[in-house]
Amino acid sequence: MAGRTPGDFGLLLHAARFAAWKHRHQRRKGAARLPYINHPLDLAHALWFEGGVRDEITLAAALLHDTIEDTQTTVQELQGEFGETVAEVVMETTDEPSVHWRVRKKLQVTRARTASRRAREVRLADKLCNLRSLVASPPQRWTLERQREYFDWAKRVVDQMRGTNAELEAKFDQIYRQRP
Ligand code: ZN
């Protein structure tokens, strides 16, 4: 944690670099096959420029939000690199891997309301960016039905978090109108 005190841009640079390394072999599902790291960067960008979020813990957690779920990263590793608070927010936005995906999706809806403000903002940005990715470049094998299901599920999660960040919620509603 040396030199990575709150308010320090070093925390964000460290998180961006860490996430880029962890996701280095992954691509996004969309037909454009973008490098995976574009997604966490999109989240942090949306939080800062659209949501007005200036809290570096939230921004760092956004950059790291998929590392535990989608790469070989442990919570201990995040604690060591970024401190307890960042690790906790990432854990809050990580789905339970041991349960069926249908249950996981349900859990995201029920847990959204009680999550911390930081975790809710990361989740909001995640749903916003995922819908934008879907609109811009839907995965080749996704049927219209599946895309619609994803849109509706994302909305159910966001509806649980209304009142968290008006700007991000408005942006979400905007992209939701493009439901296929
Ligand atoms: Zn994500």
Side-chain angles (χ1 to χ4, degrees), residues 12 15-51 53 55-75 77-78 82 86-97 99 101-112 115-139 142 146-147 149-161 164-165 167-169 171-172 174-176 178:
L12 297 182
R17 182 173 181 266
F18 182 93
W21 175 253
K22 289 290 186 173
H23 291 295
R24 69 193 179 282
H25 297 309
Q26 298 170 331
R27 297 253 159 192
R28 295 288 288 161
K29 274 193 220 127
R33 307 293 294 159
L34 293 177
Y36 200 92
I37 190 64
N38 285 38
H39 169 65
L41 287 172
D42 279 347
L43 257 72
H45 192 276
L47 283 164
W48 180 283
F49 288 102
E50 300 181 82
V53 174
D55 172 56
E56 65 284 338
I57 302 282
T58 309
L59 296 164
L63 291 168
L64 299 164
H65 81 283
D66 277 335
T67 55
I68 292 187
E69 207 168 298
D70 295 335
T71 76
Q72 307 276 350
T73 303
T74 63
V75 64
E77 210 177 343
L78 292 185
F82 305 100
V86 171
E88 213 168 280
V89 180
V90 176
M91 282 311 290
E92 275 191 280
T93 59
T94 298
D95 289 337
E96 183 61 57
V99 297
W101 68 269
R102 273 194 195 283
V103 181
R104 267 202 314 263
K105 293 204 143 188
K106 242 186 215 150
L107 279 174
Q108 246 196 63
V109 178
T110 52
R111 280 180 187 162
S116 69
R117 181 189 174 82
R118 284 168 168 147
R120 276 181 283 136
E121 287 191 311
V122 173
R123 277 268 196 237
L124 270 173
D126 194 28
K127 294 292 170 276
L128 168 65
C129 293
N130 279 338
L131 289 201
R132 282 177 175 168
S133 297
L134 253 183
V135 168
S137 173
W142 279 35
R146 179 146 182 214
Q147 291 181 42
E149 264 178 36
Y150 190 91
F151 262 71
D152 293 343
W153 169 70
K155 188 171 183 302
R156 281 202 296 281
V157 177
V158 168
D159 282 344
Q160 294 297 313
M161 304 188 288
T164 300
N165 183 309
E167 288 78 15
L168 290 178
E169 289 158 40
K171 295 284 182 169
F172 177 86
Q174 223 171 0
I175 190 71
Y176 182 81
Q178 294 195 47

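The structure presented is a predicted model; accordingly, all values stated were derived computationally and were not measured. The basis for the numbers below is simple: all heavy atoms, side chains too, and nothing from hydrogens, waters or symmetry mates. Order of listing sets the numbers, starting from 1, for every ligand and every atom in it.
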**Q** For the Zn ion (ligand 1), find the closest N/O/S atom on Asp66 and give its atom name.
**A**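 Looking only at N, O and S atoms of Asp66, the one nearest the Zn ion (ligand 1) is named OD2.
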**Q** Specify which N/O/S atom of Asp126 comes nearest to the Zn ion (ligand 1), by atom name.
**A**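 Closest N, O or S atom of Asp126 to the Zn ion (ligand 1): OD1.
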**Q** Parallel, tilted or perpendicular, judged at 30° and 60°: which one describes the rings of His45 and Phe49?
**A**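 Correct class here is tilted.
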**Q** Check the orientation of Trp142 and Tyr150. Use parallel for under 30°, tilted for 30 to 60°, and perpendicular for over 60°.
**A**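 Tilted.
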**Q** Could you walk me through whether Leu168 and Leu47 satisfy the side chain to side chain contact (heavy atoms under 4.5 Å, CB included) test, starting with their C-alpha distance in whole Å, then the side-chain angles of each, then the deciding distance to 0.1 Å, before giving a yes or no?
**A** CA-CA 8 Å; Leu168 290 178; Leu47 283 164; 3.7 Å; yes
**Q** Please determine whether His39 has a backbone or side-chain N, O or S atom lying under 2.8 Å from the Zn ion (ligand 1).
**A**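 Of the N, O and S atoms in His39, at least one lies under 2.8 Å from the Zn ion (ligand 1), which means yes.
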**Q** Charged N to carboxylate O under 4.0 angstrom, Asp159 versus Lys155?
**A**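 Judged by the 4.0 Å cut-off on N to carboxylate O distance, Asp159 and Lys155 do form a salt bridge.
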